[in-house]
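First up is the structure itself, then whatever we jot down about it.
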Amino acid sequence: MTVRSRFAPSPTGSLHIGNVRSGLFAWLFARHHGGAFILRIDDTDRERSTEQSLQEILTDLQWLGMDWDEGPPDRKYFQTSRVERHREAALQLLRERKAYPCYCSAEELEAKRKAAEREHRRPMYDRTCRGKEFPADLELPDKSKGRNYTIRFAMPTEGETAVDDLVKGRMVFNNSDLDDLIIIRSDGSPVYNLASVLDDADFQITHIVRGDDHVPNTPRQIQMFLALGFAPPAFAHMPQVLGPDGSPLSKRHGATSVVAYRESGYFPEAMLNYLARLGWSHGDQEIFCKDELIEYFGFAACGKSAGVFNAEKLLWLNFHYLKQHTAAELAQQVKPFIAKRGWPIPGDDAWLEGAVATLRERAKTLNELAEFASFYLRDDIEPEAKAVAKFLKPDISEPLKTLADELSNVNGDFSEAAIQAVFEHVLASFSLKLGQLAQPVRVALTGGTVSPGIYEVIAVLGKQRTVARLHAAVDRIRGASAHA
RNA sequence: GGCCCCAUCGUCUAGUGGUUAGGACACCGGCCUCUCACGUCGGGAACGCGGGUUCGACUCCCGCUGGGGUCACCA
């Protein structure tokens with residue numbers, strides 16, 4: 001049997017970390033077994049589904065490299081295009097007496113539910129309408145035509161339903177605890193539980209991989225597969241992803257969507273690696289490339305307990321992958337992040353590569369890389385007041401000026417070695433230690449007290465810009481002391 | 001409340017009856033050093049509790065406690 005797994009996001013918002021992880025495991029499982037990965041769009045909630053979030057989800061998936069064998073743009077894989085199929089199946093169930101019309105109003109049901117809760121009883125539908133007679137040719141509900149009822153699935157009331165879950169193990173449910181759930185609303189539209197079962201059956205899904213919040217649905221869906229005449233697929237329920245406070249990961253925990261990380265300059269390899277390692281392991285290994293993930297993946301090595309999303313570990317992984325890229329690659333990849341800040345993108349790729357090379361050990365994301373490159377990219381830097389106060393003092397103006405002069409006299413290659421030689425000469429003539437000169441120079445050139453090695457910075461900046469900034473600093477010091 | 005699930009360092013986890021309980025992130029300290037990083041060396045840090053089973057339990061069983069999921073004309 002060929003493995004066919006699926007991922008069925010709803011296009012009602014951004015692709016969520018917890019959600020995409022279930023999708024990733026479904027994808028890894030399919031790829032591991034050389035099977036097919038099906039992308040289905042659960043867009044039955046027409047109110048909240050948008051084209052924009054659909055496009056965003058597809059982009060995220062492509063970015064992560066989670067390619068699908070079947071799915072969009074083929075309309076067949078959009079749940080809304082299958083409502084006729086869902087309605088026919090409901091009709092079939094009705095004719096076979098495996099479903100029945102329910103005339104209870106939403107208000108009545110709500111009242112009963114509240115009463116049950118008050119009395120600490122299970123708030124389950126009391127099956128008032130089950131067993132009542134109804135014509136064999138009963139039509140599906142349509143409120144607008146006066147057919148104001150819903151269709152419920154007649155769940156077996158005896159026996160039990162077992163789920164042999166690939167990650168959770170065997171779970172047994174009493175059928176008497178299973179609700180007669182609504183499968184067709186009073187407006188005639190099919191409900192998720194029916195649509196999902198039918199789609200999984202029709203698309204011949206062999207393994208349903210999803211979040212474990214679906215566990216309670218599983219025995220009900222198995223009964224529906226059976227009633228519809230299908231063999232139920234295998235199930236693998238992944239534990240939830242939690243926020244740092246132990247509650248399910250949500251927007252209030254900060255960045256939790258794939259797109260947020262994509263736009264912050266994270267690498268897809270890092271995201272993939274992190275997501276896979278959250279709830280799954282392969283001995284002590286922490287770093288996995290995509291092919292290794294596919295090769296090693298299995299549900300046996302998946303944990304059963306929920307995991308806390310750790311943004312710092314993701315960041316560490318991202319740093320790891322950033323270091324894997326060459327400076328030339330990073331120079332290209334950082335451009336969009338420079339543009340986003342409204343800064344000019346250098347035309348000289350080799351120069352940008354040189355600048356990136358000095359920053360790559362310091363930045364953990366492409367976004368940080370762009371941020372740190374600020375003083376290379378712009379000449380209108382505003383030095384930090386604290387740094388100026390601490391390092392740009394009157395007695396350093398002379399050494400700074402001398403350094404500028406000697407630097408401008410360097411002939412030939414403006415290399416780090418040449419720059420170092422100039423420094424050593426200035427240091428000796430003023431009896432200064434490197435630290436005493438380097439920090440003021442750093443403030444003069446970068447505006448702050450933190451930067452790559454000072455020789456590297458000067459080499460990247462070039463003779464002209466370096467000298468200009470040193471002169472500016474000297475002027476600033478003299479201006480300040482003149483005012484004093 | 002009913003049903004279901006879960007339980008090793010702060011976090012992600014390894015571990016399948018006998019280990020000094022391992023790794024990673026984070027944290028702390030040393031080294032390197034022109035700042036910050038990187039790197040490197042080292043450190044602290046966990047089997048929720050109580051019963052069994054066993055010569056021996058982190059590992060198996062039961063109970064407790066704690067945490068979570070779910071009970072819609074949402075998906």
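Naming convention: chains lettered A, B, ... in sequence-line order (proteins, then strands); numbering from 1 in each chain. Keep in mind that what you see is a predicted model, and the values were worked out from it rather than measured. Basis for what follows: all heavy atoms, side chains included, without hydrogens, waters or symmetry-related copies.
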Donor-acceptor pair (no angle test) under 3.5 Å: [X] side chain, [N] base:
X         : N       : value
Arg442(A) : rC34(B) : yes
Asp284(A) : rG22(B) : yes
Arg362(A) : rC36(B) : yes

At under 4.0 Å between heavy atoms, what does [X] touch on the DNA or RNA strands: base, sugar-phosphate, or nothing?
X         : answer
Thr150(A) : base
Pro248(A) : sugar-phosphate
Lys323(A) : sugar-phosphate
Ser305(A) : sugar-phosphate
Gly307(A) : sugar-phosphate
Phe423(A) : nothing
Asp187(A) : nothing
Leu278(A) : sugar-phosphate
His214(A) : base
Gly211(A) : nothing
Thr44(A)  : sugar-phosphate

Taking [M] as the reference, what is the distance to [N] when you measure between their [atom1] atoms (whole Å, please)?
N       : M       : atom1 : value
rC58(B) : rG52(B) : P     : 15 Å
rG10(B) : rC27(B) : P     : 16 Å
rC4(B)  : rU54(B) : P     : 30 Å
rU40(B) : rC25(B) : P     : 10 Å
rG30(B) : rU13(B) : C1'   : 29 Å
rC38(B) : rU70(B) : P     : 40 Å
rA24(B) : rA14(B) : P     : 15 Å
rA57(B) : rG50(B) : P     : 14 Å

Of all the nucleotides listed ([options]), which has the minimum atom distance to the side chain of [X]?
X         : options                   : result
Glu312(A) : rC25(B), rC5(B), rG23(B)  : rC25(B)
Arg277(A) : rC38(B), rG23(B), rC3(B)  : rG23(B)
Asp213(A) : rA75(B), rG69(B), rC3(B)  : rG69(B)
Glu361(A) : rU11(B), rC34(B), rC38(B) : rC38(B)
Pro216(A) : rA26(B), rA75(B), rU70(B) : rU70(B)
Lys313(A) : rA75(B), rC12(B), rC38(B) : rC12(B)
Val450(A) : rU35(B), rC73(B), rC4(B)  : rU35(B)
Glu286(A) : rC38(B), rU11(B), rA24(B) : rA24(B)
Arg113(A) : rA72(B), rC34(B), rA24(B) : rA72(B)
Val191(A) : rC25(B), rA75(B), rC34(B) : rA75(B)

Legend entry - Test: Arg6(A) and Asp200(A) ion pair at under 4.0 Å: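 Looking at Arg6(A) and Asp200(A), the cut-off is met.
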Inset, instruction - State plainly whether the residues Arg87(A) and Glu84(A) are in salt-bridge range, i.e. N to O under 4.0 Å. - result: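 Answer for the salt bridge query: yes.
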For [N] and [X] - does any side-chain N or O of the residue sit under 4.0 Å from the phosphate oxygens OP1/OP2?
X         : N       : answer
Ser281(A) : rA14(B) : yes
Lys304(A) : rG68(B) : no
Ser451(A) : rU35(B) : no
Lys168(A) : rC5(B)  : no

Length of the [atom1]-[atom2] vector between [X] and [N], whole Å:
X         : N       : atom1 : atom2 : result
Tyr125(A) : rU70(B) : OH    : P     : 24 Å
Asn217(A) : rC5(B)  : CG    : C1'   : 15 Å
Ile287(A) : rG23(B) : CD1   : C1'   : 12 Å
Leu315(A) : rC12(B) : CG    : C1'   : 15 Å
Asn310(A) : rU11(B) : CG    : C1'   : 5 Å
Gln221(A) : rC71(B) : CD    : P     : 12 Å
Met171(A) : rG69(B) : CE    : P     : 16 Å
Arg170(A) : rC5(B)  : CZ    : P     : 12 Å

Inset, instruction - Flag yes if more than 12 heavy atoms outside Lys386(A) fall under 6.0 Å of its NZ atom; otherwise flag no. - result: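 12 or below, so no.
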Hey, does the side chain of [X] reach the backbone of [Y] with a donor-acceptor pair shorter than 3.5 angstrom?
X         : Y         : value
Arg21(A)  : Leu278(A) : yes
Arg130(A) : Met155(A) : yes
Arg442(A) : Pro452(A) : yes

Legend entry - Which atom of Leu392(A) lies closest to which atom of Pro440(A), heavy atoms considered: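 Looking at all heavy atoms of both residues, the closest pair is CD2-O, 3.7 Å.
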Legend entry - Ser14(A) to Ser257(A) - nearest heavy-atom pair and separation: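 Scanning both residues completely, I find the closest heavy atoms to be CB-CB, 3.7 Å.
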Inset, instruction - Can you label the angle between the Tyr125(A) ring and the Tyr100(A) ring as parallel, tilted or perpendicular, going by 30° and 60°? - result: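 Ring orientation of Tyr125(A) relative to Tyr100(A): parallel.
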Applying the Watson-Crick and G-U wobble criteria at under 3.5 Å, what pairs with [N]? Answer none if nothing qualifies.
N       : result
rU11(B) : rA24(B)
rC3(B)  : rG69(B)
rC31(B) : rG39(B)
rU19(B) : none
rC49(B) : rG63(B)

Inset, instruction - Between Val172(A) and Trp280(A), just flag the one whose closest nucleotide in RNA chain B comes earlier from the 5' side. - result: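 Residue closer to the 5' terminus by nearest nucleotide: Val172(A).
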Inset, instruction - Find which nucleotide of RNA chain B each of Val167(A) and Glu456(A) is nearest to by heavy atoms, and output the residue with the more 5' nucleotide. - result: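 Of the two residues, Val167(A) wins.
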Inset, instruction - Identify whether NZ of Lys or CZ of Arg in Arg220(A) sits under 6.0 Å from the centre of the six-membered ring of Phe153(A) and within 45° of that ring's axis. - result: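 Negative - Arg220(A) is either too far from the ring of Phe153(A) or too far off its axis.
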